[in-house]
Number of protein chains: 2
Amino acid sequence: MEAKTCLCKNIDPQEMQSMQNEVPNADTISRMAEFFKVFGDGTRLKILYYLSRHELCVADLSGLVGMQQSAVSHQLKLLRLNHLVKLRKEGSTVYYALDDCHVDSIFALALLHIQEQK
Amino acid sequence: MEAKTCLCKNIDPQEMQSMQNEVPNADTISRMAEFFKVFGDGTRLKILYYLSRHELCVADLSGLVGMQQSAVSHQLKLLRLNHLVKLRKEGSTVYYALDDCHVDSIFALALLHIQEQK
DNA sequence: CCAGTATATGAATATGTGTTCATATATGTT
DNA sequence: AACATATATGAACACATATTCATATACTGG
């Protein structure tokens, strides 16, 4: 992962081609960006944190994150569309739970980064 | 804002309290969200990918990601403010390189997630 | 000095996003 | 049946953000 010297403007066309060949394709890049965007919001981070501790219904999540039920519902839908949470209905109550086992490691990496600054 | 009606039917109140005590504080949550936001854009992802391969000047990055020099400059500033890239000046040329050793593992986690979805 | 090159920056704009409000749907209770 | 509860949803708004354009700054070579 050691960076070579920049060949600025005189870059070897083969090297340029090699990098461009190996860059993730547009669809992959787009899906990766979407994935990270999901984590780029405090409300969703809190929801994911609480769900990493416990399966929870919408009302309780609303109370825990301090946001209106509607806001939480909207965010839960987004999380569900991105395959990060799943739901289970029990009567009129809907319980949400994590649907991705990597959430903890992703949180850990982010914490590592922000702790290394300053 | 308290949950009015659903008083944690399945969760004992101690666990509820424990979760609220252990949730990352507002500043940490905010910084984590900022961190993920940086990765939530295709142009920045491509820049980070190329920099993980080579130290590169702005002009070459601009060519590689297919974006105007100005756009790349703006994004590089954002990446620098978030301690993800560092710069080295040589005459009028500015070379950028990664400044965070976790970028590869973060990319790997994201790829893992999107590959697990069908 | 001047002209050319490399990068940075501010303003403008267009697009995206998070929240709230009001309301709809679905289930439960009497 | 009516009414309450739990959640979902659409519209509207305010705010953030990515890009482009025009221009500024900084360095290089003649």
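So that the names make sense, note that chain A is the first sequence line, chain B the second, and so on, each numbered from 1.
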- [ ] Would you give the length of the straight line joining atom OG of A/S52 to atom CG of A/L45, rounded to the nearest 0.5 angstrom?
- [x] 11.0 Å

TODO: Go through D/dA8, D/dT20, C/dA6 for me and flag the one nearest to the B/T93 side chain.
DONE: C/dA6

Open item on the list: Over 60° means perpendicular and under 30° means parallel, so tell me whether B/F39 and B/F107 are parallel, tilted or perpendicular.
Closed with: perpendicular

- [ ] Could you tell me the separation between the CG atom of A/D100 and the CG atom of A/L51, rounded to the nearest 0.5 Å?
- [x] 12.5 Å

Task: Straight-line distance of B/L98 CG to B/R53 CZ, nearest 0.5 Å - done: 12.0 Å

Task: Spacing of OG belonging to B/S70 relative to CD belonging to B/Q75, to within rounding of 0.5 Å - done: 10.0 Å

TODO: Please report the shortest heavy-atom distance between B/I29 and A/K46, naming the atom on each side.
DONE: CD1-CG, 3.9 Å

Task: Rounded interatomic separation in angstrom, taking CE from B/M67 and P from D/dC21 - done: 13 Å

TODO: Answer whether the closest heavy-atom distance between the side chains of B/M19 and A/L56 falls below 4.5 Å.
DONE: yes

Task: For DNA chain C, the residues among residues 40-49 of chain A that have a non-hydrogen atom under 4.0 Å from it - done: A/D41, A/T43, A/R44

Task: Residue mapping more 5' on DNA chain C - nearest nucleotide basis, B/L87 or A/E34 - done: B/L87

Task: A/N25 and A/T28: side chain donor to acceptor below 3.5 Å - done: yes

- [ ] Using atom NZ of B/K89 as one end and atom P of C/dT7 as the other, report the distance to the nearest whole Å.
- [x] 11 Å

Task: Short side-chain to backbone donor-acceptor contact, A/Y49 and B/E22, under 3.5 Å - done: yes

Open item on the list: Please confirm whether the shortest side-chain N or O distance from B/Y96 to OP1 or OP2 of C/dA6 is below 4.0 Å.
Closed with: no

- [ ] In whole angstrom, give the distance that lies between atom OH of A/Y95 and atom P of C/dA26.
- [x] 20 Å

Task: Nucleotide-resolved protein contact map, nucleotides 25-30 of chain D, B/S/- at heavy-atom distance under 4.0 Å - done: --SS--

- [ ] Residues of residues 68-80 of chain B with any non-hydrogen atom less than 4.0 angstrom from an atom of DNA chain C: list those, numerically ordered, please.
- [x] B/Q69, B/S70, B/S73, B/H74, B/K77

TODO: State whether the side chain of A/R44 and the backbone N or O of A/K37 hold a donor-acceptor pair below 3.5 Å, judged by distance alone.
DONE: yes

TODO: May I ask you to test the A/F35-A/N82 pair for a side-chain heavy-atom distance under 4.5 Å?
DONE: no

Task: A/K37 NZ - C/dG16 P separation (whole Å) - done: 9 Å

